[in-house]
Amino acid sequence: MKIVDAKVVVTSPGRNFVTLKLTTDEGLTGLGDATLNGRELAVVSYLTDHVAPLLIGLDPHRIEDTWQSLYRGAYWRRGPVTMAAIAAVDVALWDIKAKAAGLPLYQLLGGASRERVGTYGHANGRDIPELLDSVRARLAEGYPAVRIQSGIPGLKAVYGVSDTDETGAPVLHQQARPLVEDWDTAAYLRHVPTVFEAVRAEFGAELPLLHDSHHRLTPVQAARLGKDLEPYRPFWLEDCTPAENQEALRLVRRSTTTPLAVGEVFNTVYDYQTLVTEQLIDYVRSAVTHFGGVTPLRKLFDFAAQYQIKSAIHGPEDISPVGMAAAVHLDLAVHNFGIQEYSGHTPLTDEVFRHAYTFSDGHLHPGEAPGIGVELDEELAAAHPYAAAYLPVNRLHDGTVHDW
Ligand code: GCO
Ligand code: MG
């Protein structure tokens, strides 16, 4: 079998998604997600101008060899643009291989290690009463675990709550400049424990509660927050520091037993080396889409497993249903699965990307369709073209840019 066509499809059925479609001389097709939120067209160019020409004529079964040649052959290794492009190729090849075998991808990854995949959903509120309503809504939808984010008194727009629709999904800013949010770490550190206290008081001790600090704290601030949240037994504290400084997590780890989750912006195993070997974290958060695909993510999970660290694949709305499908196959197969983030997509997105995976009773299953189980409606995709959109930026009261 040979690859005869490599096409990049950009569509915006509510938000931008970048998809690679490979076609073989036997008529089999494979899809891979290459969406890099806010920087989509850089990956489109990387794929179209530099990768697609290399794929024509290759045997699609040679996944490891293709991965290694794209990673090593570029000379310029790592980075989100490169790794999102490689991820799309990797997933498209796994899709083709599994279709050729007539099996759902999880079967090629060792088969199911569980019956279904547990998830967490997002609850957001501008204030605590609104957040409690949002938690109630997620529980009514069946979510077994909930991430809680709340507005902070004195701040007008903060991560997770500035502009969300009725499902809790962030509203896109399709405009020429990024939206500016504001930030005050002291106010945040004072407020978050009161949020946990209120949610525990309303929903009891058993509901797994997660929280995302979105890279905003210094190590000593993160240590303080981890300690302050201990009485409320969080399931995890996510991205407490900007973890490209891996050593920063040593202080946090020594100071608190609050479990830590890190890694959605990481793109290779080297980003995790210290974190994993020193057991500084409890969950690795990379997405198939941003980590170079199923091939390296599986290796990361096996590496993490040696240190009792579990998987928690990044699953916001900006991972397309193609990336989500690949994630759910991995989730079902790996032994050290922890939890899957799942926000779902708009009905229009689910029409553009018809998928076999299902969400019911708070759990995902990849389905039994051969491959990853996603079909792209190219006509509908073309009817919703790319629209420039930015993630927000974050500024302190004096105007200083802060981590977003
Ligand atoms: C999460 C993430 C997202 C990111 C988004 C950026 O935990 O789901 O932090 O909300 O902000 O993926 O593109
Ligand atoms: Mg996050």
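Numbering of ligands and ligand atoms starts at 1, following listing order.
- Ion pairing of Lys310 with Asp282 is absent here, as no side-chain N (NZ or NE/NH1/NH2) approaches a carboxylate O to less than 4.0 Å.
- Near His214, with a cut-off below 4.0 Å to any heavy atom, the atoms of ligand 1 are 4 (C), 9 (O), 11 (O).
- Geometrically, Arg216 engages Trp183 in a cation-pi contact defined by less than 6.0 Å to the ring centre and at most 45° from the axis.
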**Report entry** Residue pair Glu206, Arg200: steps toward the salt bridge (charged side-chain N to carboxylate O under 4.0 Å, His left out) verdict
**Finding:** CA-CA 9 Å; Glu206 284 172 27; Arg200 279 281 172 241; over 6 Å; no
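- Ligand-side atoms of ligand 1 in range of Tyr159: 1 (C), 2 (C), 3 (C), 9 (O), 10 (O), 11 (O), range being under 4.0 angstrom from any heavy atom.
- Distances from the Mg ion (ligand 2) to each N, O or S atom of Asp212 single out OD2 as the nearest.
- Salt bridge status for Asp239 with Arg285: absent, with no side-chain N to carboxylate O gap under 4.0 Å.
- Within the listing of ligand 1, atoms 11 (O) sit less than 4.0 angstrom from a heavy atom of Trp404.
- At a cut-off of 2.8 Å, Glu238 coordinates the Mg ion (ligand 2) through an N, O or S atom.
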**Report entry** side chain to side chain contact (heavy atoms under 4.5 Å, CB included) between Val269 and Phe303, worked out
**Finding:** CA-CA 9 Å; Val269 68; Phe303 173 48; 3.7 Å; yes
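- Residue contact check for ligand 1: Arg147 places a non-hydrogen atom closer than 4.0 Å to it.
- Between the side chains of Ser45 and Thr48, no donor-acceptor pair of N or O atoms lies under 3.5 Å.
- Ligand 1 has no nitrogen or oxygen under 3.5 angstrom from a nitrogen or oxygen of Tyr120.
- At least one donor-acceptor pair under 3.5 Å links the side chain of Tyr143 to the backbone N or O of Tyr342.
- The ligand atoms of ligand 1 that sit less than 4.0 angstrom from a heavy atom of Arg285 are 1 (C), 7 (O).
- Close contacts of ligand 1 with Asn37, meaning ligand atoms under 4.0 Å from a residue heavy atom, involve 6 (C), 13 (O).
- In this structure, Thr194 contributes its side chain and His191 its backbone to a donor-acceptor pair below 3.5 Å.
- Residue Glu264 counts as close to the Mg ion (ligand 2), with an N, O or S atom under 2.8 Å.
- Residue-level proximity to ligand 1 for Tyr342 is absent, since no heavy atom of it falls below 4.0 angstrom.
- Taking a cut-off of under 4.0 Å to the non-hydrogen atoms of Pro316, the atoms of ligand 1 that pass are 8 (O), 12 (O).
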